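Okay, structure first, notes after.
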2 protein chains.
Amino acid sequence: MANKRITSQDVANLAGVSRTTVSLVLNEVKGIHISPETRQKVQDAAEQLGYIPNATAQALATRRTRAIGLVMTRSPHHIASDAFLPQIIGGLLDVIREHKLRLLIESVDENHRDRAYLDLVHAKHIDGMILLTPRMDDAALSKLEESDVPTVLMGKLNGTRLFSVDVNNRLAAKIAVDYLLDLGHTRIACISNAPDSYSASPERVLGYMDALEGAGIAVDEALIFYADFDPQSGFERTEALLQSGKTFTAIFVASDNVAMGVKAALRAAGRRVPEDISIVGFDDIPWAQYSDPPLTTVRLPAQELARTACMVLLDILQGVVPEQKMKILGTELVVRQSCRKL
Amino acid sequence: MANKRITSQDVANLAGVSRTTVSLVLNEVKGIHISPETRQKVQDAAEQLGYIPNATAQALATRRTRAIGLVMTRSPHHIASDAFLPQIIGGLLDVIREHKLRLLIESVDENHRDRAYLDLVHAKHIDGMILLTPRMDDAALSKLEESDVPTVLMGKLNGTRLFSVDVNNRLAAKIAVDYLLDLGHTRIACISNAPDSYSASPERVLGYMDALEGAGIAVDEALIFYADFDPQSGFERTEALLQSGKTFTAIFVASDNVAMGVKAALRAAGRRVPEDISIVGFDDIPWAQYSDPPLTTVRLPAQELARTACMVLLDILQGVVPEQKMKILGTELVVRQSCRKL
DNA sequence: GGAACTTACTAACACGTTTTAGTAACACGC
DNA sequence: GCGTGTTACTAAAACGTGTTAGTAAGTTCC
């Protein structure tokens, strides 16, 4: 049934006009005069033939692919257990669909990411990109900054020229730890979400420190651990924390995903939540409210972040320069049942 | 810094050859004779200029976009809480990167999906597609079947001509319920993962029935509920189940994601897992092993499914016809601590 | 009643590649 | 010295669109 592709030429022939006219009518180019009758003829012909413009040819002619890329630098293993990814993709798809764009997912591996970012855009696969969880030590990023590739970061990066969308990680963490302090906890451990080369991680630890200092409590470095995104790493850090022999009555875990592992490790060690140990998480992934006990956590508006990042990128692509370099979205402490009053 | 795009013409000029030769050399076209010196000259020139072929132009000329689409028919809300999506994307990216392809994510909304599938391919955005959780009542699918668009289904669809990759949902469900029977349970409820228009859902319910019938237990329709992918729906169905007044000692929940809500509802009603109620899940999402108690569930090899689907699609794209219409991957009952012996 | 403008279109080029059809030069067999 | 092959390349067509520059006809202005 190899039905030949229908081109704008076919439409032109059927309508009895030139290909140019077809293009002008179907793209609703303004500032140009086409008679209503001709317009109708073209539309009818296109309809009748079921004409679908070839996106590739359009992209070549306009030098716009109408696609944006979501670029991740994490390993396939980390991607697979990222509870946020669906929310982010959901948010992006929302905006993208409205604007008739497409979404390309790319993961750039550690080794040759220096070229990869730029290549993506140079090869004209995408018009611009959204960069997820950028690392501060990423040399490739500085190349990106120098070029004029439309880019929006999800996450903060100190001293970058790039546009970004984020939450105030430090303040949100402080509020979470303040909550534990208010409940009377004074020995509070901290397990951060990721290695400290990922900007959100040290920010959240700083917020943890801010809270302690605000309460006049000395920070004990031995109570601070850095996990690695997934529950397993939370499990391991918690084992280390328990074996350290340090006493503590609460843990601030800067990632719900990691907190899953933390809770499992506590359970394995016979410590109950919240009776023995209180836990505050971070992110409010969809499973946080269904865990046992329901996790008290900081709600990070993942979908909103994605939506906003996408809208900023679209602005840039249309030549509109956003008024602010960095957009900060609000967070909210969601109190559930994983903490108790001392 | 608007550094002009470098084209193959630039490379040709620098190397002192024609554009054709550049193309022949860089694409390593075989069956053609180019002297080693010329070959070197071209490669040097390309290297020196940092030449990156324009993917759009290549796509137009070759009529291959080197992109495949992951198409979902679920709503943005469901996408956001889909614990599988990251695994699937991870699996796809694995294969795709090896083959220097790209991955396009598309969600097709309920309303106008009749055209949407075909348009994607006709517009030449993608060479082929992987369809996630297809619905049996999807009229658009039959149009897809008639066309010769390279497509692979993740999930089973009765009587389809399309290639598909799946697990044996029915058998896997039977094994899960057999396990509960072996533990001595006889009053076993069933909460399926999704409405029964999604093929996996009725399959799993059938497996549940198979097990009961195999044990000589009559199926009680009042113990069977259909959830809607997310934890919330599991919560609600469980409330309904509890209010029905029916007695039961175990629940087979055909989705870990839904099981999260089921457990929360049981907890809210004061029923403990596994002391009062045993639960077997399905999927083995990354959080199943970290829930409290760790969830006994059927491991569904999500990444492998995605990888396999992708490889089948690539075969089709290269003109290789897979020997089997349907590839079935194995599942495995992962026994943890959410069930007790009666 | 001619210059200036507007309307309604179209011819032809541009986008950057792949690929087909060729060509020129040289070798080989007889 | 003439066909036949082979080697090493190139000119030009093709892919399907967007867009610029132009044209012919009709209208308005004074």
Side-chain angles (χ1 to χ4, degrees), chain A residues 3-43 45-46 49-67 100 119 121-125 127, chain B residues 3-43 45-46 49-67 100 119 121-125 127:
Chain A
N3 41 355
K4 240 185 84 263
R5 262 208 66 80
I6 287 153
T7 73
S8 63
Q9 185 65 62
D10 298 328
V11 177
N13 291 344
L14 182 58
V17 298
S18 74
R19 225 167 36 72
T20 306
T21 305
V22 172
S23 171
L24 294 176
V25 170
L26 296 183
N27 293 327
E28 291 169 3
V29 177
K30 46 194 120 189
I32 217 103
H33 308 270
I34 307 280
S35 72
E37 304 87 64
T38 307
R39 225 169 256 282
Q40 194 60 51
K41 268 193 300 181
V42 171
Q43 272 155 359
L49 294 173
Y51 170 63
I52 299 170
N54 182 312
T56 303
Q58 284 180 320
L60 186 58
T62 58
R63 264 146 302 195
R64 290 285 216 108
T65 59
R66 301 192 65 76
K100 311 236 163 126
D119 286 5
V121 184
H122 279 167
K124 274 294 153 208
H125 287 145
D127 295 332
Chain B
N3 40 357
K4 242 185 79 265
R5 264 208 64 81
I6 288 153
T7 73
S8 64
Q9 185 65 64
D10 298 327
V11 177
N13 291 344
L14 182 59
V17 297
S18 73
R19 237 182 47 247
T20 307
T21 305
V22 172
S23 172
L24 294 176
V25 170
L26 296 184
N27 292 326
E28 292 168 3
V29 177
K30 45 195 125 188
I32 217 102
H33 307 272
I34 307 279
S35 73
E37 305 87 63
T38 308
R39 225 169 255 280
Q40 194 59 50
K41 268 193 299 182
V42 170
Q43 272 154 359
L49 294 173
Y51 170 63
I52 299 170
N54 181 312
T56 304
Q58 284 180 319
L60 186 58
T62 58
R63 266 145 300 190
R64 290 289 215 105
T65 60
R66 303 193 64 76
K100 310 236 164 126
D119 286 5
V121 185
H122 279 166
K124 274 295 154 209
H125 288 146
D127 295 333

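Lettering of chains follows the sequences in order, A, B, ..., and the numbering in each one begins at 1. Bear in mind that the values here come from a model prediction, so they are computed numbers and not experimental data.
Of the possible polar contacts, one joining the Arg5(B) side chain to the Ile52(B) backbone as a donor-acceptor pair under 3.5 Å is found. Distance alone, capped at 3.5 Å, places no donor-acceptor pair between the Asn27(B) side chain and the Val29(B) backbone.
Where Leu24(B) and Leu60(B) each meet DNA chain D at their nearest nucleotide, the meeting point lying more 5' is that of Leu24(B). Both Ile32(B) and Ala57(B) sit near DNA chain C, but only Ala57(B) has its closest nucleotide nearer the 5' end.
Residue Arg63(A) is classed as a sugar-phosphate contact, given heavy-atom separations below 4.0 Å to backbone atoms only. At a threshold of 4.0 angstrom between heavy atoms, the contacts of Val29(B) with the nucleic acid are absent. The residue Ser23(B) sits close to a base: some heavy atom pair falls under 4.0 Å. Nucleic acid contact class of Thr62(A) (heavy atoms, under 4.0 Å, all strands): sugar-phosphate only. Within 4.0 Å of Thr7(B), counting heavy atoms only, lie sugar-phosphate atoms of the nucleic acid but no base atom. Looking at heavy-atom distances under 4.0 Å, Thr20(A) makes contact with a base. Thr56(B) comes within 4.0 angstrom of no nucleic acid atom, judged by non-hydrogen atoms across all strands.
Going from atom CG of Asp10(A) over to atom P of dG16(D) covers 9 Å, rounded to whole Å. Atom CD in Gln58(A) sits about 17 Å away from atom P in dG16(C), given to the nearest Å. One interatomic measurement links the two molecules: NZ of Lys30(B) to C1' of dT19(C), which rounds to 17 Å at whole-angstrom precision. Atom CG of Asn13(B) and atom P of dT17(C) are 12 Å apart (whole Å). Between the CD1 atom of Ile34(A) and the P atom of dG18(D) there is a distance of 14 Å, rounded to whole Å. The interatomic distance linking Gln9(B) (CD) with dC15(C) (P) rounds to 11 Å, in whole Å. Taking atom NE2 of His33(B) as the reference point, atom P of dG5(D) lies 14 Å away to the nearest angstrom. The interatomic distance linking Asn54(A) (CG) with dG16(D) (C1') rounds to 6 Å, in whole Å.
The phosphate of dT10(C) has OP1 or OP2 within less than 4.0 Å of a side-chain N or O from Thr21(A). Remark: Ser18(A) is not in phosphate contact with dC9(C), judged by side-chain N or O atoms under 4.0 Å from OP1 or OP2.
Of all nucleotides listed (dT17(D), dT10(C), dC9(D)), dT17(D) comes nearest to the side chain of Ala61(A). Of the candidate nucleotides dG16(C), dC15(C), dG16(D), dG16(D) has the atom lying nearest to any side-chain atom of Arg5(A).
In the interface, the side chain of Arg19(A) is paired with the base of dT17(D) through a donor and an acceptor atom under 3.5 Å apart.
Rounding to the nearest 0.5 Å places CD of Gln58(B) at 11.5 Å from OG1 of Thr65(B). Going from atom NZ of Lys30(A) over to atom CG of Leu24(A) covers 14.0 Å, rounded to the nearest 0.5 Å.
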Carefully, step by step, assess Asn54(A) and Thr7(A) under the rule side chain to side chain contact (heavy atoms under 4.5 Å, CB included). CA-CA 8 Å; Asn54(A) 182 312; Thr7(A) 73; over 6 Å; no
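For Thr21(A) and Ser18(A), the side-chain atoms include at least one donor-acceptor pair closer than 3.5 Å.
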